[in-house]
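Structure, as structure tokens:
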Amino acid sequence: MLRFIGLLLVMPAVANICPAVGYGKGTAIIVPKSAPQVVDYAARELQYYVEKSTGVRMPILTEGSVPADTKRRIYLGATEAALNAGIDPSGLPRDAYHVRASGDTAYLVGGDRDGDPLALGTPAGTLFAVYDVLDNGLGVRWLWPGRSGEFVPKRLSLRIKDRDETVLPRFRFCGLRTGRTEERQWMRRMRMHGADGMSYGHAFEQWDDKYFAEHPDWFEMDRNGVRHRDRSMCVSNPGFHRQIVENWWIEQKDRPAPRRNVNVCENDCPGACQCPTCLSWDGPEPSWPRPTPYDSVHNVSERYARFAMAVLELARKHDPEAEVTCYAYSNLTFTPRGVKLDKRVLVGYVPDVFFPRTAESQDWVLRQGQGWIDAGASLFLRPNYLLHGYCMPVNWARQSAEEFKFLETRGMVGTDFDSLTGMWSTMGLSLYVIGRLHATPEASVDQILDEYYSSFGPAAEQVKAYWDYWERHSLEHLDVFKDGLWHYARYPETAAKRFPPECFAPAEKLISEAERAASRNRDAAEKVAFLTTGLEHARLCVEASMAFENAKSDPAGWKAAAERLRAFRATITDPMVVNVSNGDSSCMGRETNLGWWPK
């Protein structure tokens, strides 16, 4: 049987009535004699969660050293036993896996390669097979990264349903950008992965030093006819196209494993060349109203769509399977009307309308994405909105799920979210929904939300009420949440506008009710405490923001608020509660850039 899952599309309904075998005491986890790191890691993950759930510690054994009286066996990776059973991993695509379970033997076999198991670029099919059975056989959930986010129900054994199927990745690549180990681990548990040889990003940021002196005509012209470096490119210039493809082809020949995508993503700025040819490539201005930040920009989507196709045609002269990767970003976001694209044009859709959105803005974002798909491109979601929100309690899970599912059901080929800021106690519900949609895109948002809430045990109802409150808060105050593109970097200075001090009292009452409900369940109480800590931290940040605004007139008030915030942060022991100081997107990174703390 062949199916897609999460990355993947789900198990056939008939699987729900298949008998299941309980793997518990007397079961061994068996790995190949020369297992790649991914398989060794998969074995440890399986062993840990089975023991935490059932109390049974399954030994991890190397093939060839398994006692003859072992009752049940779970083979991981490219074992000889799997090959003898007719399961050949060499025929599996990267990140795919095959599960065969019958009687007292299960095979979990993936398209694996060596490398860091937590690196999205390392193929990890066997690891994904393990997460599949932990998900479906034990009900394990990872609400947020780290041990405190684990939900592991107590079971008598690991139940693996009788099945014999190959599972293919739903997406070509998918993930959220981060450098923190715990978050990389969480992404793997959500079955996120990279793509072989894919490379893209703002492509021409080094070109000015290399080419501007000799070829200023490749660079942006202003309305006065002057060319500029350090801006956008003159994307209608045929010489510019030829140089892009020449550079790509030289790199192709130098690489043992060719990378077939030509990166033509514009620099991190609007497309703004005013030369006559570029302007002649533009289509009509889209109608108003448009959401911020698109309400007053000139549409250049048709220009950049034609640019992508021109480069693709040149690249195909070298390699008929060549691809072009570009961004629908800034004033390149609008539907490219009147331009027919090719499926080998991969478009990273960057809808910079941050959450929460009005119904009209949400509809606009979905229509632009649909427009790129209808034009013939292969679209992947490459948003920036995870950068938004500072450390405030936000719940835009339903809106983000609607966007994700809308694009996924229309053929979205991947995701690349920029970036995880690490505010799991205050943004965690929305992040969990995003993660689970990667693993189970067929699930409804209500199913995923229920998963999250039920993991709080006796406090499930109260935790739901808590997050519902924050969803209502944002939707009822959309006027103060309307932002320009770069506002996320200055969020701390206006946090009180969105989250005035009086909005915290109802939330504190709701979280207190959750604490009481969870008081006799240690795991639930710890999870509620995680949320409580984030709420108090957010309140103190609002207090500090207001005090900093008045620091000149009341320096003592600012000093006192800053000290309260510092003292509270010193008590936070779980780094997943809030990201206090790791990187520019951390709390202190944002605050320092605004002058709160010395650099």
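In this chain, numbering begins with 1 at the start of the sequence shown.
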Is any side-chain N of the basic residue among D209 and R229 closer than 4.0 Å to the acidic one's carboxylate O? yes
Using modelled atom types only, decide if a donor and an acceptor are shared between the side chain of T122 and the backbone of D116 within a distance under 3.5 Å. yes
Atom CZ of R590 and atom OG1 of T592: how far apart are they, to the nearest 0.5 Å? 11.5 Å
Salt bridge or not for R472 and D468, using N-O below 4.0 Å? no
Say you draw a straight line from CZ of R290 to OG of S361; how long is it, rounded to the nearest 0.5 Å? 13.0 Å
Do E402 and R398 meet the salt-bridge criterion of a basic N to acidic O distance under 4.0 Å? no
Identify whether the distance between the nearest side-chain nitrogen and carboxylate oxygen of E591 and R569 falls below 4.0 Å. yes
Single hit among Y304, Y329, Y327 for side chain to side chain donor-acceptor pair (under 3.5 Å) with E266: Y304
Spacing of CD belonging to E403 relative to CG belonging to L407, to within rounding of 0.5 Å: 6.0 Å
Flag this pair as yes if the NZ/CZ of R147 is under 6.0 angstrom from the six-membered ring centre of Y48 and inside a 45 degree cone about the axis; otherwise no. yes
As a quick check of understanding, evaluate side chain to side chain donor-acceptor pair (under 3.5 Å) for S425 and H537, giving each step before the final call. CA-CA 10 Å; S425 63; H537 178 264; over 6 Å; no
Between R382 and D418, does at least one N-O distance fall below 4.0 Å, as a salt bridge requires? yes
Between the main-chain N or O of F355 and the side-chain N or O of Q399, is there a donor-acceptor pair closer than 3.5 Å? no
Once you measure the plane-to-plane angle for Y491 and F499, does it fall in the parallel (<30°), tilted (30-60°) or perpendicular (>60°) bin? tilted
Take Y200 and F380, measure what ring pair (Phe, Tyr, Trp, His ring centres under 6.0 Å) needs, and give me the verdict at the end. CA-CA 12 Å; Y200 58 88; F380 64 97; 5.1 Å; yes
E502 atom CD: more than 12 heavy-atom contacts under 6.0 Å: yes
